[in-house]
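Have a look at the structure below before the remarks.
Counting starts at 1 for both ligands and their atoms, in listed order.
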Amino acid sequence: MLRNSLIGSLRQIKPILCSQSLRSLSNGANSGLTTIEVDDKSGIATLSMNLPPVNTLTLNLMHDLIDSINQIECNKSRGLILTSSNDKVFSAGLDLKELYKPDQERLKEFWTIFQDLWLALHLCGIPTAAAINGHAPAAGCIMATACEYRVMLPDFVIGVHATRFSFLVSKWMMLSYQSVLPRRIVERALNQGKLFSTQEALEVGLIDEVAGSKKEALAQCAAFIGTFDKANPIARTLTKRMCRDSDVTELLRDRAGDLRACVDYINTPLFQEGLSAHLEGLKEKK
Ligand SMILES: CCCCC/C=C\C/C=C\C=C\CC(=O)SCCNC(=O)CCNC(=O)[C@H](O)C(C)(C)COP(=O)(O)OP(=O)(O)OC[C@H]1O[C@@H](n2cnc3c(N)ncnc32)[C@H](O)[C@@H]1OP(=O)(O)O
């Protein structure tokens, strides 16, 4: 709903009628794979992904995330912190099972909702931060880079390691990475399929801070959100959207073309063989 209105005019204040009252953040029509907690004092909403074992981005989780982001925006929270209920994994990225020998219609739906999720995070009108309390590979990293600030716990990895399995990424996913890291580092990291340790991520600027615990990470994200207190919220939202306009336009100008290219690529033997080997590798780990 929100995303559609934004697609019409990126520069407009979101013209939505939010009828829910502040703090009545039920998870209504969604599958309950996310939870929202609003801090009464700060007004900041913490959005947790809660799909064991590793928060893979399934259709349902992505649907719930988009629904929750909309609810948080509608309820005029002061900011949004994205995190995980799992203490080892922020998100394992896209659900690989959806990409293996896929049903074609379902694959289209899957990729479209992934595009929607990226747009929802990118265009979220309120300040956003990611408390990365576990591993964040692939789309887990892309979600974090769509937020405005990242705080990560030690001894985890983050990055887009797609080339290790003969995967490609769409240009808008690369742009997300590139909005946080210098182009030369993105080019090298994407080509290498590099996963950065927490310390390496801090050194290159992929994350903004390291925290000793999840509680500290949430506090550091909240402190970041507090830095916008003096900004007019409408001016801030418009400025954020202006800053992100070219990346978002890259996807919006040809969503259907992106979908076609992805579906075509996912169906290639190169992709399917790489994915099969990757899934085997995950099984053999045990
Ligand atoms: C113009 C052209 C454009 C082309 C674009 C085309 C296509 C798109 C291509 C790529 C898109 C990339 C984006 C993605 O996000 S792809 C997803 C990549 N993610 C991964 O590779 C992560 C794999 N997982 C891990 O590395 C580990 O699980 C992790 C470090 C996250 C956690 O380790 P841990 O030891 O705690 O847990 P595991 O025992 O490994 O996992 C538990 C359980 O979960 C299963 N699983 C893990 N990750 C995934 C996943 N992403 N999808 C589905 N299932 C996953 C794992 O197999 C275990 O299952 P089981 O054995 O218990 O049944």
Side-chain angles (χ1 to χ4, degrees), residues 33 49-62 65 83-102 104 106-118 121 132-146 152-177 186 189-198 201 250-251 253-286:
L33 302 178
M49 293 174 274
N50 183 24
L51 177 57
V54 290
N55 285 328
T56 48
L57 294 173
T58 59
L59 264 177
N60 282 346
L61 178 55
M62 290 195 280
L65 279 166
T83 191
S84 160
S85 306
N86 180 318
D87 60 3
K88 283 202 189 125
V89 183
F90 177 73
S91 167
L94 293 182
D95 184 0
L96 294 166
K97 293 184 201 106
E98 291 281 0
L99 305 177
Y100 187 58
K101 297 184 179 166
Q104 298 304 303
R106 190 172 165 98
L107 177 60
K108 285 183 198 158
E109 190 187 349
F110 183 76
W111 197 261
T112 302
I113 201 160
F114 179 42
Q115 294 175 336
D116 284 340
L117 173 60
W118 185 85
L121 275 171
I132 308 164
N133 57 326
H135 298 299
C141 171
I142 299 296
M143 277 197 294
T145 57
M152 188 165 167
L153 269 62
D155 305 321
F156 293 119
V157 295
I158 182 169
V160 181
H161 60 330
T163 54
R164 291 194 197 179
F165 329 108
S166 64
F167 291 11
L168 298 179
V169 292
S170 284
K171 189 165 177 196
W172 48 274
M173 293 160 78
M174 178 203 73
L175 288 172
S176 220
Y177 214 13
V186 169
L190 274 180
N191 284 317
Q192 290 169 334
K194 182 164 176 65
L195 290 171
F196 295 88
S197 67
T198 303
E250 169 60 32
L251 172 57
R253 75 179 168 77
D254 189 17
R255 279 188 75 163
D258 177 68
L259 176 62
R260 266 195 311 277
C262 289
V263 167
D264 286 350
Y265 187 71
I266 287 167
N267 283 311
T268 59
L270 176 71
F271 181 88
Q272 289 297 320
E273 281 158 22
L275 176 54
S276 169
H278 184 29
L279 286 168
E280 277 306 310
L282 282 171
K283 263 193 221 148
E284 279 165 18
K285 233 176 66 175
K286 307 229 151 162

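For atom 13 (C) of ligand 1, a protein heavy-atom neighbour is present inside the 4.0 Å cut-off. Counting only heavy atoms, the protein never gets under 4.0 Å from atom 63 (O) of ligand 1.
For ligand 1, the atoms lying closer than 4.0 Å to a non-hydrogen atom of P53 are 42 (C), 43 (C), 44 (O). Every atom of ligand 1 with a heavy atom of F271 under 4.0 Å away is listed here by number and element: 9 (C). If you number the atoms of ligand 1 from 1 as listed, the ones under 4.0 Å from a heavy atom of G93 come out as 15 (O). For ligand 1 and W111, the ligand atoms under 4.0 Å from any heavy atom of the residue are 8 (C). Against a heavy-atom cut-off of under 4.0 Å, T56 is close to the following atoms of ligand 1: 49 (C), 50 (C), 51 (N), 52 (N), 53 (C), 54 (N), 55 (C). Every atom of ligand 1 with a heavy atom of K97 under 4.0 Å away is listed here by number and element: 54 (N). Atom numbering of ligand 1 starts at 1 in the shown order; those under 4.0 Å from a heavy atom of D95 are 52 (N), 53 (C).
Residue A92 has at least one N or O atom closer than 3.5 Å to an N or O atom of ligand 1. Considering backbone and side-chain atoms together, L168 places no N or O closer than 3.5 Å to any N or O of ligand 1. Taking any N or O of F167, backbone or side chain, none lies under 3.5 Å from an N or O belonging to ligand 1. For a threshold of 3.5 Å applied to N or O pairs, the pair formed by L282 and ligand 1 contains no separation below that value.
Relative to the six-membered ring of F196, K194 meets both conditions, a distance below 6.0 Å and an angle of at most 45° to the axis.
Residue K283 places every heavy atom at 4.0 Å or more from ligand 1. Residue A162 places no heavy atom under 4.0 Å from ligand 1. In this structure, H278 counts as a contact residue of ligand 1, since one of its heavy atoms falls inside 4.0 Å of the ligand.
Using a cut-off of 4.0 Å between Lys/Arg side-chain N and Asp/Glu carboxylate O, R106 and E109 are scored as not salt-bridged.
Minimum interatomic distance between N133 and N86 (heavy atoms only, all atoms of both residues): ND2-O, 3.3 Å.
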